[in-house]
Structures are given as C-alpha cells and as structure tokens.
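Remarks on the structure that follows.
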Amino acid sequence: MARITASVYTSHVPAIGAALDLGKTKEDYWKPLFAGYDFSKQWMKDNKPDVVILVFNDHATAFSLDMIPTFAIGTAAEYQPADEGWGPRPVPKVVGHPALASHIAQSVIQQDFDLTIVNKMDVDHGLTVPLSLMCGEQDPKNGAWPCPVIPFAVNVVQYPVPSGQRCFNLGRAIRRAVESFDEDLNVHIWGTGGMSHQLQGARAGLINADWDNKFLDRLIAEPTELAKVPHIEYVREAGSEGIELVMWLIARGAMGDIAGGPAPKLAHRFFHVPASNTAVGHLILEDQA
C-alpha cells in the first residue's frame with residue numbers, strides 16, 4: 001500500500017521566490033535564510049518521495065473572490081506556474097499524480113470532508129516556493145521537479161476559514177486515504193504558509209518570534225492540543241496572515257502518531273527573522289509508524 005513517510009513544514013514567502021529567481025541568494029540579507037534549507041535539499045535527495053501532497057493557499061490566482069473553495073484538490077496531470085502580475089516564476093511545470101489524487105478525493109469525501117475537485121489550474125508561489133526551497137533551483141525549460149506533486153489548496157484568505165481542528169482531522173482522513181491506495185508509493189505531505197505576519201492595517205509588519213517558536217514546539221510535541229487553538233489566537237498573536245499556520249495542521253494530522261503509532265523523528269528545525277515582512281519557520285518530521 002501507499003504510505004506517508006514524512007511531513008515537511010515551511011513558509012512560502014513570495015520574496016523568497018524573487019530572491020531565488022533574481023540571483024540574490026548569496027546576498028547578506030538572504031544568505032542566512034537559504035542556509036537553513038541546505039540540510040533540507042540534501043534530505044530530499046536522500047529521502048526522495050514518489051509523490052508529494054503539498055498543502056498551500058492560492059493567492060487569488062486559480063481562485064478569486066468569485067469562487068473560494070474551502071478545500072480543493074488538484075487532480076490534473078500537470079500544472080503551469082502562475083503569472084501573479086510580474087510573469088510566471090522561471091521554474092518547471094508541476095507534474096501531478098491523477099490516480100492518487102482522485103483516490104484521495106474519493107476517500108476523503110466518503111469520510112465526510114467536502115473537497116472541490118480541480119482538473120485545471122495554475123499554481124502560484126504558495127506551491128512553487130516550497131518546491132524551490134526543498135528541491136533546489138531547476139532549469140525551467142529542461143529541468144523537472146524530482147517527483148509528482150498533488151496540489152491541495154486551502155482557503156485562508158477570505159473568512160470564514162477552516163478551524164485548526166478541522167484541518168487536523170482532515171490530515172487524519174488523508175492518511176487513511178493514502179494507506180488505502182493499492183500501489184506501493186512513498187508519500188510526503190507538506191504544510192506551507194505562515195509564520196507570523198500581517199500585511200495591512202495598524203499592525204502591518206507584526207512578527208511574533210516567541211509565539212512562532214512555541215507553535216513549532218507544540219506542533220512537534222502536542223499537536224492534538226495545538227489543533228484546539230481558536231482563530232482569534234492566531235490573529236491576535238501571529239497577525240491576520242498568521243492564520244495560514246492551520247495548513248500545517250493538515251500535514252501534522254497525517255502523521256502516524258496521531259493514528260496511534262510512535263512519535264515522529266525530528267530531522268530538522270529552522271527559524272529565521274526576517275524574510276521580507278514575515279518570520280520563516282521550517283520542520284521536517286519523519287514518520288516512525
């Protein structure tokens with residue numbers, strides 16, 4: 001059967017993509033951030049998955065205020081990098097895994113989670129920046145990402161947004177779905193977005209490093225309790241865009257310890273301030289179930 005062997009958590013700041021694309025990674029401002037992913041790129045080579053389920057939020061690219069699914073799964077064969085107003089990022093297209101994606105949709109919907117099935121969409125920095133950070137820079141014309149990717153979009157842009165508990169429970173349902181897929185696949189699930197940041201209003205520029213690091217502590221050691229944190233705490237402590245962190249709970253809910261297995265192994269932890277106007281957090285957890 002297919003199995004989830006690891007979860008990855010990372011911010012997906014658009015300025016990180018710009019720094020990569022414009023050759024700024026060795027500049028003093030950016031160098032410490034990219035150094036935090038050196039381990040991760042080697043880890044990806046040493047632990048190459050067959051498929052990545054990548055949880056992210058669309059930034060008014062595939063979806064708009066005209067149509068906002070709470071949860072949407074990409075079932076297409078491929079996805080082009082989106083033009084977010086300054087041209088698509090110079091990265092390869094994303095190859096999907098329609099068979100596993102369709103199976104996950106079937107299974108998760110039968111577990112009473114409503115998913116929007118998306119057969120065609122472009123993917124923005126929310127998805128491509130994590131791929132660049134974990135897989136390194138790729139030739140946009142002749143290169144390719146190391147494995148197929150299933151985009152899993154979550155609405156954390158327009159209220160009402162899903163609760164942390166709902167996201168955590170969805171991760172559990174995704175694990176059951178993967179384990180019922182009748183093919184031997186090594187699957188990673190990534191939760192992206194965050195950490196603390198606010199882009200507008202009187203608190204624009206807010207970064208709460210103490211709260212962010214406590215979130216990382218709890219995500220590792222007490223995820224079931226962390227899932228109970230209400231929206232208002234994210235907004236109060238991590239800023240209006242800090243709510244993106246509920247997407248990390250989908251990936252954490254899919255780990256084996258939540259289904260009764262042993263605790264995951266912490267392979268890597270990294271935290272950096274600032275990157276543009278946000279804090280950057282990153283974890284790799286290896287499943288021990």
Side-chain angles (χ1 to χ4, degrees), residues 6-18 20 37 40 44 49 51-64 67-76 78-84 88-89 91-97 100-101 104-105 108 115-118 120-135 145 147-158 161-162 164 166-168 170-171 174 187-195 197 199 219 234 241-254 275-276 278 280-284:
S7 54
V8 171
Y9 311 82
T10 183
S11 304
H12 60 210
V13 186
I16 293 176
L20 283 162
Y37 287 85
S40 308
M44 272 293 288
V51 188
V52 167
I53 303 168
L54 202 155
V55 183
F56 73 110
N57 65 289
D58 177 74
H59 300 80
T61 300
F63 311 115
S64 71
M67 182 181 66
I68 311 171
T70 301
F71 301 118
I73 187 168
T75 54
E78 61 181 47
Y79 309 88
Q80 296 296 330
D83 185 346
E84 300 180 63
R89 286 194 64 216
V91 296
K93 69 182 180 183
V94 175
V95 174
H97 198 296
L100 179 58
I104 291 171
V108 168
L115 301 188
T116 297
I117 296 169
V118 185
K120 182 180 180 180
M121 69 172 168
D122 293 344
V123 289
D124 66 18
H125 71 270
L127 185 139
T128 63
V129 165
L131 286 174
S132 293
L133 285 170
M134 294 296 298
C135 306
W145 300 114
C147 68
V149 175
I150 297 174
F152 198 105
V154 180
N155 170 39
V156 287
V157 175
Q158 178 68 39
V161 302
R166 183 71 168 163
C167 290
F168 190 69
L170 176 57
I174 290 172
V187 180
H188 291 180
I189 183 166
W190 297 6
T192 74
M195 296 190 83
H197 63 302
L199 302 180
L219 191 71
Y234 287 94
E241 278 68 45
I243 192 63
E244 291 179 355
L245 286 167
V246 298
M247 295 188 291
W248 294 30
L249 289 166
I250 296 177
R252 189 63 181 90
S276 184
T278 183
V280 169
H282 175 40
L283 294 176
I284 298 174

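- The side-chain heavy atoms of L127 and Y79, taken from C-beta on, include no pair separated by under 4.5 Å.
- Residues meeting the side chain to side chain contact (heavy atoms under 4.5 Å, CB included) test with P81, sequence neighbours left out: P88, V91.
- For the residue pair H59 and E84, no side-chain donor N or O sits within less than 3.5 Å of a side-chain acceptor on the partner.
- Shown here are the side chain to side chain contact (heavy atoms under 4.5 Å, CB included) partners of S64, two or more places apart in sequence or in another chain: D66.
- Listed by chain and residue number, D21, T128, S132 satisfy the side-chain hydrogen bond (donor to acceptor under 3.5 Å, both in side chains) test with R89 (two or more places apart in sequence, or in another chain).
- Partners of Y9 by ring pair (Phe, Tyr, Trp, His ring centres under 6.0 Å), not counting sequence neighbours, listed by chain and number: W248.
- Qualifying side-chain hydrogen bond (donor to acceptor under 3.5 Å, both in side chains) partners for N155, counting only residues two or more places apart in sequence or in other chains: none.
- Residues that satisfy the ring pair (Phe, Tyr, Trp, His ring centres under 6.0 Å) test with H282, not counting sequence neighbours, are Y37, H268.
- Partners of D58 under the side-chain hydrogen bond (donor to acceptor under 3.5 Å, both in side chains) rule, at least two apart in sequence or in another chain, do not exist in this structure.
- Under the rule for a side-chain hydrogen bond (donor to acceptor under 3.5 Å, both in side chains), Y234 has no partner lying at least two apart in sequence or in another chain.
- Residues V280 and I16 form a side-chain contact, since some pair of their non-hydrogen atoms from C-beta on lies under 4.5 Å apart.
- Qualifying side chain to side chain contact (heavy atoms under 4.5 Å, CB included) partners for D122, counting only residues two or more places apart in sequence or in other chains: Q80, A82.
- Partners of A15 according to the side chain to side chain contact (heavy atoms under 4.5 Å, CB included) rule, which considers only residues two or more places apart in sequence or in another chain, are V13, W30, S276.
- Remark: H97 engages no residue in a ring pair (Phe, Tyr, Trp, His ring centres under 6.0 Å) (not counting sequence neighbours).
- In this structure, the separation between CE on M247 and CG on N57 is 4.0 Å, given to the nearest 0.5 Å.
- With contacts defined as side-chain heavy-atom distances shorter than 4.5 Å, the pair L54/W190 qualifies.
- A 4.5 Å side-chain heavy-atom check between V52 and V8 finds every atom pair outside the cut-off.
- Residues forming a salt bridge (Lys or Arg N to Asp or Glu O under 4.0 Å) with K93 (at least two apart in sequence, or on another chain): E78.
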